[in-house]
Amino acid sequence: MTPDRNKLYAGAALGLVLAALAGFGIARLTGPSAPVVETATEAPGDKDSVAISADGIKTSDIGVAPATAGNVAGLILASATVEATPDAQAVLTARAPGTVTRIFKRIGDTVGAGETIALVESRDASAIAADRGTASARVTLASRQLARERTLLAQGVSPRADYETAEANLAVAQAEARQANAAASAARVAGDGRSVAVVSSISGRITSAPASLGSFVQAETELFRVADPRRLQIEASVPAGDAARVRPGDRVELTTIDGQTIEGRVRSATGVVDPESRQATVVVSPSGGASGIAPGQLVQARIYASGSVTTGGVMVPQDAVQTIGDRTVVFVRTRSGFRAQAVQIGSRSGGLVAVTSGLAAGTPIATSNAFLLKAELGKESAE
């Protein structure tokens, strides 16, 4: 074999190798890529760190919130009912017996304070209106008699006694007129003189309307009920042993059935225990944003009682506390992800855990699905 032929074979072999390498590279570039799985990488020098991006946190539905200052011993869980304040609901009745002849509003309609909702035709209204007219006529007659006696007295024709009698008669007529007007106003006699008006004393919405057109009703029969949905209070039933720890102004978290959270403050506590339920009533005023609740709705109340024996401390959700080996940890939010931080825990109550040491109030931590971070940390340790 000649040297020229050896060079030819070597060049051909080299060309085949280069072609194979080029084909492999093109296949890698044009072929489908392997799925990329976002995994947490261990932070350099910290075996308790889990690196995860903000998008990864959102995808994994990991909740992040600051640790809350307080003590579990001061937390009281109670069922509560949304009620209208005493001055935000009114029962409207007919002030005299009669027949319902006009209805201007129906259930669900808005009304203003002093607005007439219905008319009830009544004989009593006619009698009251007649008495008012008679009293007004007597005032007019007594006024004219007094004016005449004043003129006669000035001329020296009539004695002073007659003038004083006319003056007294006017005072009596005026008193009777005031009484008749007060009776007509109390009965809410309408302008037609034969009906009494059913008038709303507050602004709000009609929540009940049992009145029927043409029906005969007795005096003080409930015809309508009006409530102002903007003025609400929450009445929480608290065990007798916990009621003594509640103070006016204590913070309250109200949770509705659909998960909405509303802040509130304790307005007052009755201090009286129901003999049957053995519960005391605590009145809570919503701090704001109470548009999502309505009278009659049931809510769950978390009362942070300030009258507890112990003070201070940090509270975290129960799901935030995880166990790694012989350590109890919570995952603290860092720039690159989370870090497992050892803590000492105390009592548990109502889904919350008291942290006695190892965590400061306000520190952002993983509050939900923290077990995913624990699993990721265990996987990294195994690797």
Side-chain angles (χ1 to χ4, degrees), residues 61-86 88-89 207 227-274 276-308 310-311 313-321 330 345-355 361 365-370:
D61 198 19
I62 298 174
V64 179
T68 305
N71 198 288
V72 172
L75 177 63
I76 300 174
L77 295 180
S79 58
T81 306
V82 181
E83 302 285 352
T85 58
Q89 56 183 346
T207 59
D228 187 350
R230 298 170 299 176
R231 293 182 287 174
L232 301 174
Q233 68 181 20
I234 290 84
E235 297 180 3
S237 297
V238 178
D242 295 332
R245 299 191 285 119
V246 179
R247 301 287 184 271
D250 286 348
R251 187 170 69 90
V252 181
E253 286 184 0
L254 305 169
T255 305
T256 62
I257 297 177
D258 57 358
Q260 180 184 1
T261 302
I262 300 171
E263 292 289 332
R265 293 286 177 179
V266 174
R267 181 180 179 273
S268 62
T270 60
V272 178
V273 178
D274 186 89
E276 296 182 0
S277 63
R278 307 304 302 168
Q279 303 279 316
T281 301
V282 174
V283 180
V284 179
S285 297
S287 299
S291 58
I293 56 178
Q297 186 174 350
L298 298 178
V299 296
Q300 184 74 16
R302 286 188 175 189
I303 305 174
Y304 296 87
S306 61
S308 306
T310 56
T311 58
V314 179
M315 294 186 299
V316 299
Q318 187 170 337
D319 293 342
V321 180
V330 296
I345 64 172
S347 58
R348 301 170 182 256
S349 176
L352 294 177
V353 179
V355 178
I365 62 172
T367 57
S368 60
N369 289 334

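Annotation: R251, atom CZ; neighbour count of heavy atoms from other residues, nucleotides and ligands within 6.0 Å is above 12.
Residue S285 holds its OG atom at 7.0 Å from CD of Q233, rounded to the nearest 0.5 Å. Atom CG of L77 sits about 6.0 Å away from atom CZ of R302, to the nearest 0.5 Å. Between atom OG1 of residue T367 and atom CG of residue D319 there is a gap of 8.5 Å, rounded to the nearest 0.5 Å. In this structure, T85 OG1 and R230 CZ are separated by 10.5 Å, a value rounded to the nearest 0.5 Å. In this structure, the separation between CZ on R265 and CZ on R247 is 15.5 Å, given to the nearest 0.5 Å.
Side-chain contact between L298 and S79 is absent, with no heavy atoms from C-beta onward closer than 4.5 Å. Contact annotation: the side chain of P295 approaches that of L232 to within less than 4.5 Å [non-hydrogen atoms, C-beta and beyond]. Residues V321 and V330 form a side-chain contact, since some pair of their non-hydrogen atoms from C-beta on lies under 4.5 Å apart. The shortest side-chain heavy-atom distance between P286 and E263 does not fall under the 4.5 Å cut-off. In this structure the side chain of I234 reaches within 4.5 angstrom of the side chain of I293, judged on heavy atoms.
Here the shortest heavy-atom pairing between D250 and A305 reads OD2-CA, 3.5 Å. A301 and A80 make their closest contact through CB-CB, 4.4 Å (heavy atoms, listed as atom of the first residue, atom of the second, distance). In terms of heavy-atom proximity, A69 sits nearest to A361 at CB-CB, 3.7 Å. Here the closest heavy-atom approach between residue G264 and residue S287 is recorded as CA-OG, 3.4 Å. Closest approach of Q89 and A84 over heavy atoms only: NE2-O, 3.9 Å. Closest approach of V238 and Q279 over heavy atoms only: C-OE1, 3.2 Å.
Distance alone, capped at 3.5 Å, places no donor-acceptor pair between the T281 side chain and the E235 backbone.
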